[in-house]
Amino acid sequence: MEGNFYKIELSPYHWELGESRSESMPVLYKSYRGREANQVGCLGEVLMEEFFTKHGVCFKDDRSEYTHDYNINQRFFLDVKTKDRTVAPRFHYENSVPIYQMDYQKPDFYYFVSLYRDKGTDKTDIRRFKEGYIVGGINRNKLYRVGKLWEKGSTDESNGTHFWTDCINIKMSDLIPNDSMINIFT
């Protein structure tokens with residue numbers, strides 16, 4: 001793990017599985033980026049599964065439930081949130097959970113993945129992503145307590161992010177580190 005982020009160099013295996021999954025699912029209601037969002041989310045899930053397998057975390061794929069993505073050790077429900085970035089993640093960066101998804105998603109934990117791509121790449125080609133980073137997790141209660149609510153239409157002046165929907169953002173430095181998340185899950 002680099003710092004505490006777990007870096008994965010993407011390969012044809014990741015791209016092909018992520019693309020296959022994204023093409024077989026519908027565009028979700030209220031999706032801002034449509035099929036592109038499906039690619040990002042599916043690729044993040046592929047990386048998360050690889051991470052779990054490598055670290056001995058027992059998981060069941062529950063993505064068809066829409067209330068969460070995985071059942072971890074028959075104890076926890078987990079949802080994976082993946083962010084598309086043109087820079088590698090840093091501890092002062094943030095991760096987002098859209099409020100509208102919280103109406104139907106009720107996981108015990110959120111786990112965050114960052115995908116790195118070069119600026120100006122073709123947004124329809126999943127191969128634009130070169131690296132993935134498993135950055136850490138947080139339980140839902142702490143997300144509500146520590147996260148910052150951003151309303152639709154507002155702009156975070158610290159980084160220029162304009163919010164297209166209401167979100168709760170959490171700094172990467174406030175996440176439970178990967179090694180601790182593995183201990184919780186195993």
Side-chain angles (χ1 to χ4, degrees), residues 5 18 21-22 25-49 51-52 59-72 75-87 89-117 123 129 132-178 180-181 184-185:
F5 301 150
R21 287 183 184 184
S22 70
M25 67 183 290
V27 173
L28 298 177
Y29 176 66
K30 290 190 179 182
S31 176
Y32 182 69
R33 295 169 64 187
R35 286 254 168 244
E36 185 184 341
N38 285 6
Q39 280 185 343
V40 170
C42 289
L43 191 52
E45 292 162 358
V46 167
L47 298 179
M48 199 77 241
E49 291 169 13
F51 175 80
F52 285 154
F59 66 94
K60 177 181 174 244
D61 183 346
D62 278 348
R63 291 176 298 123
S64 64
E65 299 293 323
Y66 292 105
T67 56
H68 60 279
D69 292 322
Y70 302 99
N71 182 323
I72 306 298
R75 291 178 36 214
F76 303 111
F77 293 127
L78 173 78
D79 199 68
V80 176
K81 297 297 179 202
T82 307
K83 191 169 277 263
D84 172 349
R85 298 183 186 277
T86 57
V87 294
R90 296 189 176 103
F91 284 109
H92 67 279
Y93 288 3
E94 297 181 349
N95 296 284
S96 303
V97 178
I99 297 293
Y100 75 87
Q101 291 178 347
M102 293 177 162
D103 291 340
Y104 59 89
Q105 292 179 334
K106 306 292 184 195
D108 300 303
F109 288 90
Y110 291 95
Y111 220 121
F112 298 96
V113 176
S114 289
L115 297 177
Y116 168 77
R117 66 173 170 83
K123 291 185 177 188
F129 298 108
Y133 297 84
I134 312 299
V135 297
I138 193 164
N139 72 49
R140 186 176 55 188
N141 293 333
K142 184 176 178 185
L143 176 70
Y144 288 131
R145 280 193 329 271
V146 177
K148 178 174 172 126
L149 175 64
W150 289 95
E151 294 181 352
K152 176 181 179 177
S154 61
T155 301
D156 181 348
E157 297 301 328
S158 72
N159 60 24
T161 300
H162 183 74
F163 293 89
W164 62 272
T165 191
D166 296 346
C167 288
I168 294 182
N169 272 22
I170 188 77
K171 288 185 180 180
M172 289 189 193
S173 59
D174 289 328
L175 297 177
I176 300 168
N178 285 317
S180 297
M181 288 298 295
I184 291 168
F185 289 162

Tell me, with the steps shown, if Q105 and T67 meet side chain to side chain contact (heavy atoms under 4.5 Å, CB included). CA-CA 4 Å; Q105 292 179 334; T67 56; 5.7 Å; no

Kindly indicate, with the supporting measurements, whether the criterion side chain to side chain contact (heavy atoms under 4.5 Å, CB included) is fulfilled by I168 and M102. CA-CA 10 Å; I168 294 182; M102 293 177 162; 3.8 Å; yes

Given I170 and V146, is the side chain to side chain contact (heavy atoms under 4.5 Å, CB included) satisfied, shown in steps? CA-CA 7 Å; I170 188 77; V146 177; 3.7 Å; yes

Walk me through it: do Y93 and N159 pass the test side chain to side chain contact (heavy atoms under 4.5 Å, CB included)? CA-CA 9 Å; Y93 288 3; N159 60 24; over 6 Å; no

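Note that NZ of K81 is 9.0 Å distant from CD of E45, once rounded to the nearest 0.5 Å. For the atom pair K171 NZ and F91 CZ, the distance stands at 13.5 Å (nearest 0.5 Å). If you take OH on Y66 and CD on Q101, they are separated by 12.0 Å, rounding to the nearest 0.5 Å. Distance CG/D108 to NE2/H68: 9.0 Å, rounded to 0.5 Å. Atom CE of M181 sits about 9.0 Å away from atom CG of L175, to the nearest 0.5 Å. Here CG of N169 is found 11.5 Å from CG of D174. Values are rounded to the nearest 0.5 Å.
Annotation: side chain of V113 is in contact with side chain of V80 (closest heavy-atom distance under 4.5 Å). Annotation: side chain of F112 is in contact with side chain of V97 (closest heavy-atom distance under 4.5 Å). Residues R85 and L115 form no side-chain contact, since every pair of their non-hydrogen atoms from C-beta on lies 4.5 Å or further apart. Contact annotation: the side chain of D156 approaches that of E94 to within less than 4.5 Å [non-hydrogen atoms, C-beta and beyond]. Proximity of F76 to I184: side-chain heavy atoms (C-beta onward) are separated by under 4.5 Å at one or more points. Side-chain contact check for I134 versus L47: some heavy-atom pair is nearer than 4.5 Å. For the pair M172 and S114, the minimum side-chain heavy-atom distance is below 4.5 Å.
No side-chain N or O of N178 forms a donor-acceptor pair with one of Y133 less than 3.5 Å apart.
Between Y70 and F59, the angle of the ring planes goes over 60°, which puts this pair in the perpendicular group of the 30/60° scheme. Relative orientation of the Y100 and Y104 rings is tilted, given thresholds of 30° and 60° on the angle between their planes.
When atom types are taken as modelled, the side chain of K106 and the backbone of F77 share no donor-acceptor pair closer than 3.5 angstrom. Under a 3.5 Å cut-off, the side chain of D79 and the backbone N or O of Y110 do not form any donor-acceptor pair. With D69 contributing its side chain and L78 its backbone, the two residues share no donor-acceptor pair below 3.5 Å.
Aromatic rings of F185 and F109 (six-membered ring for Trp) have centroids within the 6.0 Å cut-off, being under it.
Among all heavy-atom pairs drawn from N139 and I176, the shortest one is N-CD1, 4.3 Å.
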